[in-house]
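One structure is given below, encoded as structure tokens.
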Amino acid sequence: MFETRLKDAAQQVQAHLDAVIAPMGDLPVVEAMRYASTGGKRLRAFLVLETARLHGIAPQQALWPAAAVEALHAYSLVHDDLPCMDDDDLRRGMPTVHIQWDQATAVLAGDALQTLAFELLSRAETSPDAAIRCDLVLGMARAVGARGMVLGQALDIAAETAPDPLTLDQITELQAGKTGALIEWSAAAGPILAGADTAPLRAYAQALGLAFQIADDILDVTGDEKTAGKRLQKDEKAGKATFVSLLGLDGARARAAELIEQAHAALDTYGDDAECLRDAARFVIARQS
């Protein structure tokens, strides 16, 4: 069931993003937007759609914030890959945007995808209630700004030249912003749309987001570049502290498994109806890309 819903979410969001971007023309920056927003697991979109389903929100309504979070995520990847950031040449098995075009086009395409995300959230189709739309916009702004994703990225860059490797607590804080904040926003979107309590799904997403990053660190050591679709072992070569370097491979796997159990427990209030979200948590630490 989970794999089917994840695949369906990816197809629906891709079609929606294609339709939204289509009227923008075919300038290089727009082509780069299309390119950057193609592919990927679409886990964040899945979380939006699935948590909306749990709260009785129509799929066509939930599709707008689902597409928004994927546009935002695509922007973050485009900028993260730039030479001034992580300097990557491969993403999702394809050349990164600045390699396919140039750095200026990559910066502008990322900027445009970021603003597109907020445009989609602001549309009446997202919710007829303007207060709910504002809540989603505010939550995303906080999740991706200097208290969330950008903070995490800044801490990550600073760690590259720090005299001492980060501690486990510091890495956990870094990843809570860099990766976890947007995952938490995605899981909270459903109850926000319904005007319901977000606490159980926020707790689920916090555990899920950290497990996701630990799994990334494990894949960076054990994975295959062709399967992963990106360069691997960069952190190890750079001498950066990771969950694997601090906990060991077995310790990192054990910690990820503990977090998945925490994520499952947070869903108790939803009973069997949340089984697909439990499967999503299992997928996070079993994935190969």
- Message: When you compare the side chains of R42 and Q14, does any donor N or O come within less than 3.5 Å of an acceptor on the partner?
- Response: yes
- Query: For the hydrophobic clusters of this structure (ILVMFWY residues joined by side-chain heavy atoms under 4.5 Å, transitively), does one cluster hold both L247 and V221?
  - Reply: yes
- Taking all heavy atoms of L17 and all of A71, pick out the closest pair and write down the distance. CD2-CB, 4.2 Å
- Taking NZ, NE, NH1 and NH2 as the nitrogens, is one of them in R282 or E275 under 4.0 Å from a carboxylate oxygen of the other? yes
- Query: Is the shortest distance from a Lys or Arg side-chain nitrogen in R5 or E50 to a carboxylate oxygen in the other one below 4.0 Å?
  - Reply: yes
- Message: Looking only at side-chain N and O atoms, does T172 offer a donor or acceptor that is under 3.5 Å from a partner on D169?
- Response: no
- Report, as yes or no, whether the 6.0 Å neighbourhood of atom CD on Q170 holds more than 12 heavy atoms from other residues, nucleotides or ligands. yes
- Taking the six-membered ring of F46, is the NZ or CZ of R53 close enough (under 6.0 Å from the centre) and on axis enough (within 45°)? no
- Is it true that the side chains of D8 and Q12 contain a donor and an acceptor less than 3.5 Å apart? no
- Task: Salt-bridge test for R34 and D18: reply yes if a basic N is under 4.0 Å from a carboxylate O, no otherwise.
- Result: no
- Query: For atom CD of E258, is the number of surrounding heavy atoms from other residues, nucleotides or ligands below 6.0 Å larger than 12?
  - Reply: yes
- Task: Apply side-chain contact (heavy atoms from CB on, under 4.5 Å) to S122 and list each qualifying residue two or more places apart in sequence or on a separate chain.
- Result: V137
